[in-house]
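The structure appears right after this line, and notes come after that.
Computed over heavy atoms, backbone and side chain alike; hydrogens, waters and symmetry mates excluded.
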2 protein chains.
Amino acid sequence: MSVDPAKRTAERPLQEPDAQAEAFAVVRQAHQMETTEDYVELIDDLITSQGEARLVEVAERLGISQPSAGKTVARLQREGYVTSEPYRSIFLTEKGKKLADASRERHDVVYQFLLKIGVSDTTAKIDSEGLEHHVSEETLDAFRRIINAR
Amino acid sequence: MSVDPAKRTAERPLQEPDAQAEAFAVVRQAHQMETTEDYVELIDDLITSQGEARLVEVAERLGISQPSAGKTVARLQREGYVTSEPYRSIFLTEKGKKLADASRERHDVVYQFLLKIGVSDTTAKIDSEGLEHHVSEETLDAFRRIINAR
DNA sequence: GTATAAACTAAGCCATGGCTAAATTTAAGA
DNA sequence: TCTTAAATTTAGCCATGGCTTAGTTTATAC
Ligand SMILES: [Mn+2]
Ligand SMILES: [Mn+2]
Ligand SMILES: [Mn+2]
Ligand SMILES: [Mn+2]
């Protein structure tokens, strides 16, 4: 499956510097939103299934310490995605709920797509958690077409 | 394509906390390698196509400042992926070259896969730059099967 | 009601990877 | 050669998101 390096040079010439830089900029932008998306999606899931989102559970499900989760929740509050009073549970703002819904929808498409092409459930869950943040609308549409194909 | 929230709860119950935490841990691990992979791949491409990898070009193609690129190259040197003497160009170590080759191969599979499912070249280039770091071997194999399907 | 446990916050540490401004070194040109 | 431009380094700034340790508040249990 690997390719002769000499051949590769001819077959995959360098992109234009500007185009390449733009691609990296898009990735950096996606990373900047990634934590926010994962938190609001998780908080929304907890509210739906447990009635409330407690910091202790957010931290447990992210696999990080409570203070780390708390610091990010504080940032999300600063940025208007969530609200919470000291020692109370976490709520989504309108803005946060909207982002949560969009993120879950996109996450689900990626997950279902992986299952459709024969990836195991465990791997689909793991891979979709990372992939979801780097899928454009155009690629998402291609995924949807394949999901809906018989 | 979106789903009734009430239904979703039934259809997509929360994962086990441990499994979910493990997925996030895998993503964090991937992010930790991401910069390293992009740099060695780019440095290798520059050496192949231009004869050498200069910091100025690495920075330009990443779309970041020269000092930022220089700082990361210094880390890569500390970690044994590259060598370079002051004011000279950048070389890959054995370890760096190996990682570059593996990264390019994986990147190419993702790129070719996107093209195969009907994504435009421009979008395939952009999306593959982010997606490449979050694709497991199992998913990569599924991608290869589709690439090779007639 | 009070003691204890659980949850949360506060404080302060670290690495990564962005940035700008200002030196320094190397390369190029007249 | 000598001047100047380009490339690189140095220094120091910032935000994010990890961590631990220690204090505070709330909830639980008796
Ligand atoms: Mn998600
Ligand atoms: Mn995710
Ligand atoms: Mn990449
Ligand atoms: Mn990523």
(message) Return whichever of Gln32(B) or Leu55(A) has its heavy-atom-nearest nucleotide of DNA chain C closer to the 5' end.
(response)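 Looking at DNA chain C, the more 5' nearest nucleotide goes with Leu55(A).
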
(message) Under 4.0 Å, counting only non-hydrogen atoms across every strand here, what does Glu79(A) touch: a base, just sugar-phosphate, or nothing?
(response)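 Glu79(A): backbone/sugar contact only, no base atoms under 4.0 Å.
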
Does atom [atom1] of [X] have more than 12 heavy-atom neighbours from other groups under 6.0 Å away?
X: Gln15(B); atom1: CD; value: yes
X: Glu79(A); atom1: CD; value: yes
X: Lys95(B); atom1: NZ; value: yes

Tell me whether the OP1 or OP2 atom of [N] has a side-chain N or O from [X] closer than 4.0 Å.
X: Arg88(A); N: dC8(C); answer: no
X: Ser68(A); N: dC19(D); answer: yes
X: Arg78(B); N: dT16(C); answer: yes
X: Arg54(A); N: dC8(C); answer: yes
X: Arg28(B); N: dG17(D); answer: no

(message) So for Tyr87(A) and dT24(D), does any side-chain atom that can act as donor or acceptor lie under 3.5 Å from a complementary atom in the base?
(response)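 Answer is yes: a donor-acceptor pair is held.
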
(request) Taking the side chain as every heavy atom from C-beta outward, state whether Arg144(B) and Gln112(B) have any atom pair closer than 4.5 Å. (result)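 Not touching, per the 4.5 Å side-chain cut-off.
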
(message) Is there a side-chain contact between Val82(A) and Thr93(A) in this structure, where contact means two heavy atoms from C-beta onward sitting under 4.5 Å apart?
(response)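 Counting from C-beta outward, Val82(A) and Thr93(A) never come under 4.5 Å.
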
Using whole Å, what does the distance between atom [atom2] of nucleotide [N] and atom [atom1] of [X] come to?
X: Glu85(A); N: dT26(D); atom1: CD; atom2: P; result: 11 Å
X: Leu76(B); N: dG17(C); atom1: CG; atom2: C1'; result: 12 Å
X: Gln66(B); N: dT26(C); atom1: CD; atom2: P; result: 15 Å
X: Lys71(A); N: dA15(D); atom1: NZ; atom2: P; result: 12 Å
X: Glu34(A); N: dG17(D); atom1: CD; atom2: P; result: 9 Å
X: Phe24(B); N: dG18(D); atom1: CZ; atom2: P; result: 10 Å
X: Gln50(B); N: dA7(D); atom1: CD; atom2: P; result: 13 Å
X: Leu62(B); N: dG18(C); atom1: CG; atom2: P; result: 8 Å

(message) Quick check on DNA chain D: between Thr35(A) and Pro86(A), whose nearest nucleotide comes earlier from the 5' end?
(response)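 Result of the comparison: Thr35(A).
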
Nucleotide nearest [X] when distance is taken to its side chain, options [options]:
X: Pro67(A); options: dC19(D), dT16(D), dT8(D); answer: dC19(D)
X: Ser65(A); options: dG17(C), dC8(C), dC19(D); answer: dC19(D)
X: Ile64(B); options: dC19(D), dT9(D), dC19(C); answer: dC19(C)

